[in-house]
Amino acid sequence: MIEGQIPVEEYKTGNTRHKWDLEKVKRAHRVIAEYEYKKDKVWRGFANRTLYINLTKGEIKEKKVTEEMKKLFTGGRGFGLKLMWDSIKPSTRWNSEENELIITTGPLCGITQYPGTGKSIALSISPATDIICDCNVGGFFGPYLKFAGFDAIEIQGKAKHDVVIIVDGEKGKITVETAPLEETNSHVLSEQLTYMYASEDSDKSRQKVSVVSAGKGAENSYWGCLNFSFYDIRRKVCRLKQAGRGGLGTVFRDKKIKAIVAKVEHFDGLSNNPADPVKLAEVGIKLHREIRDLDRYQCNMRAVGTSHLVEIMDEYDLLPCENYRFGSFPKASKIYSSKFYELFTKIIPDGCWYGCTMACAKTVDGFEVMTGPYKGQKVTVDGPEYETVATGANMSIWDPKWILEFNFYCDTYGLDTISTGTAIAFYMEMYEYGILNKERCDGLELSFGNYEAVLEFIHRIARGDKGEFITVASKGIRRVKDWLKKKGWGDPQLIEDCGMESKGLEYSEYVTKESLAMQGGYGLTLKGPQHDEAWLIFMDMVNNAIPTFEDKAEALHYFPMWRTWFGLNGLCKLPWNDIEPADNAETDEPAKVPEHVQNYVDLQNAVTGWNVTKEDLILQSERCYNWQRAMNVWLGRGRRKDDWIPYRSMGPVTEMEYHSRRERYDKQLVEKLGFSEKEVENMSVKEKMKLLYEYRQDQYQKLADAVYYRRGWTPNGVPTPQKMKQLGFTDKKMLDMLQKAIDEDEKKGLNVWGGKYSKGEKPPSIIPRYWEKW
Amino acid sequence: MSIKVNGREVDWVENETVKQLLKRMKYTFPLVVVKINDEVVPRNLFDQVTIPDNAKVAVIHMISGG
């Protein structure tokens, strides 16, 4: 028996012990809309049509994907943005009738020859941010949607009662059915529907069904995530991958969607009908071998998944501990990947789509639930990934089992572990300062490390508790900041500085205080502080490879564009740089992993038959990136003020934090601000903190100046019509809207650089309206 | 006497190997590429190659991150 491997006789999970009368559950369904479509094959990676469903009107129709759409928007997230642009209004908010929930695929989605190719991209207007949020998620749904006949599903309107939407690729039929009797929580619901819609009572049939769902927590918070299932034929369990950020699960439940089911008749490695299957196989085999030979010496993803990052972040002072106050903690070794490795089930392959040799989707099987409605049941817990483990550090929870409990309930309730964990960490800090207390927290003792209170908090959210704190706190940090200030509790500046949100979205789990570039990687983003656009901490803080504002701006141009590309194609980012060729270090630009970039050029050409270069890949992304930013402007945001970040992500908010890195900060006052060591010695900590505060805020503004300029935007962060035309866009409505926004900013005096430039320094351009000279 | 490690000035220690320097800098991450005066040091020589005075040392952490 290998360590961590549970005996075969115990290899059962709570998920598989349920007995339902599925016939009875299904008989309660009532079809409220249906549509038959002509089945057709996917060609060169595209189904060439999207599916539109209006739940208010009961309307279902197909939309054609044009060659122009492919040229300008590529696929995936790009298609989602285009569909939303055509359907929503500038006044649309998350719970508006016309808000859409879109799930897209991408031309490379569903190939099985290369690792990380089963991703879906979900988009909607977020309840947290009032702008579009996009999430990249694994599981089988995306490929099945495409093989059933659609590059995207676009859902508008709201149903009157809970419904399931079935995309039946076997029969060529779409139905919307009321679903009154199913469970709502995802680990149960996904299993019920997988069994219900599988064509036969066999594992092979269940494997051809994938379910998207969100749980009771998604209904009652702004943190709703979407769970995408895949039936694990070896574990005989529906596993879940999450589209976590921005509350898309909340939108899902607001539309009264209980689940979306996609099923396929048949698929294989050639279901995309690629232009050059031989090349596809050739590129794939190369990477499979690389992973097989090198992963164990590099990230060890096959053994522990992304949790390998926990110890690295702790050792480099980057692991968020106690609401990002600290970057390491004496107890952190209790949650290192080795501790989770002991709990992970080994031997069984862990890919979330076929052909992924990286197989980083780990599980703990037979986990006995300790609290809440499923207490005492044995379940399969997917993960935890790095981000979820790190929320444990942020809440000062150092017991892997309680992190698993948190992980399990967040998933099944449809709560994003990142937003939930980051927000609770903030509430805990406020509790420590007495700004919150037991009475103000509806009886919860939300002190750091109190895992029972954490679980009770999320159970109450799932139950729809109407207590004042639970109601506000479940809407996230931004709303709690406003609530605390309205109540007159605590110092408003302290509250603003400590609450780790930007644009209304909670931070993901990295301490950025000593990396200006990563501050930009979180703040100068489209949807908010999620690390999927750029992860530059080591390149900036440790390697010191991007020392100037121009260097950082170049990195904050290239990497967000590059990473955007995965979402256009239905790909996972991990096989790009979580495995590297043996000779990568000797290349000119090792951070870009040039050989893998070439793999992606080859893959896109091999599937679509296009003839793209690596520069074309960046151009594809740049179009999408600028379009999304422009839509943010259209929705009333997307300006410099919206790229604001809290001071906790820039530097020390409290004296305790200053003391924890005193040497570093004192040194900076000497080296960067020009004070003598004697002067620094004679200053109080308060004085030093104030100087550092002003300096670091100004550094961030200068970074924003450099980045906006590099991206071809105005000094207020608006993409210019000239830039959009350069990218190939001619949409008059878009170009006119941007010009109007720029003119309005001009009238308000907002088209000016944000940094304070002293003698010898200069902003990126001294020419007013420089973009008009292009 | 000093060396530069990733652009930052650090004291030079006589006969210090690459392995020892990494330990001193608390660079525990295993996947690093080390260059001394722009020459790559093979990983298997980390415990043999010593750092000369005034050297420019680049310790590139090949970390992927989130």
Side-chain angles (χ1 to χ4, degrees), chain A residues 294 297-301 306 308-309 311-318 328 385-387 390 418 508-510 518 521-522 530-547 559 563 573-587 590-591 593 596 667 671, chain B:
Chain A
L294 301 174
Y297 307 111
Q298 296 184 10
C299 294
N300 207 19
M301 296 286 275
T306 56
H308 77 95
L309 287 165
E311 43 268 38
I312 299 166
M313 294 307 129
D314 182 47
E315 283 165 7
Y316 282 79
D317 210 10
L318 296 165
S328 62
E385 297 195 36
Y386 165 75
E387 299 291 333
I418 297 176
S508 69
E509 310 304 315
Y510 297 99
M518 193 59 217
Y522 271 137
Q530 169 70 355
H531 55 277
D532 63 346
E533 282 201 13
W535 196 87
L536 305 172
I537 301 183
F538 270 71
M539 191 193 276
D540 187 31
M541 185 183 103
V542 184
N543 297 346
N544 201 19
I546 43 175
F559 287 101
R563 286 171 173 245
K573 163 262 165 195
L574 298 177
W576 160 52
N577 71 346
D578 282 67
I579 182 75
E580 290 173 2
D583 61 353
N584 185 53
E586 287 149 42
T587 59
V593 200
H596 288 181
K667 200 173 163 192
E671 289 178 357
Chain B
M1 288 187 283
S2 66
I3 55 173
K4 280 207 165 174
V5 180
N6 287 351
R8 298 178 185 101
E9 203 156 291
V10 171
D11 288 341
W12 176 66
V13 176
E14 197 172 1
N15 293 327
E16 186 176 42
T17 64
V18 170
K19 192 177 173 187
Q20 288 163 333
L21 175 71
L22 294 178
K23 193 175 175 195
R24 177 158 66 104
M25 296 299 294
K26 294 182 185 164
Y27 288 162
T28 53
F29 182 58
L31 198 61
V32 290
V33 174
V34 177
K35 290 182 182 175
I36 300 177
N37 298 326
D38 295 325
E39 289 284 323
V40 175
V41 180
R43 187 177 301 275
N44 58 354
L45 298 180
F46 278 10
D47 57 355
Q48 294 169 41
V49 173
T50 55
I51 318 284
D53 190 15
N54 287 318
K56 189 180 86 176
V57 184
V59 184
I60 306 162
H61 290 63
M62 299 309 300
I63 184 167
S64 46

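Below, chains carry the letters A, B, ... as their sequence lines are ordered, and counting in each starts from 1.
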Rounded at 0.5 Å granularity, tell me how far CD in A/Glu311 sits from CZ in B/Phe29. 10.5 Å
For A/Tyr316 against B/Tyr27, the heavy-atom pair lying closest together: OH-CA, 3.0 Å
Heavy-atom contact with chain B under 4.5 Å, split by part of A/Met541: backbone
Checked B/Ile60, B/Val33, B/Val40 vs chain A; the most non-hydrogen pairs under 4.5 Å come from B/Ile60
Among residues 45-56 of chain B, those lying within the under-4.5 Å heavy-atom range of chain A are none
Short question: side chain of A/Asn544, backbone of B/Asn6 - any donor-acceptor pair under 3.5 Å? yes
Taken in chain and number order and not counting sequence neighbours, the residues that satisfy side chain to side chain donor-acceptor pair (under 3.5 Å) with A/Asn543 are B/His61
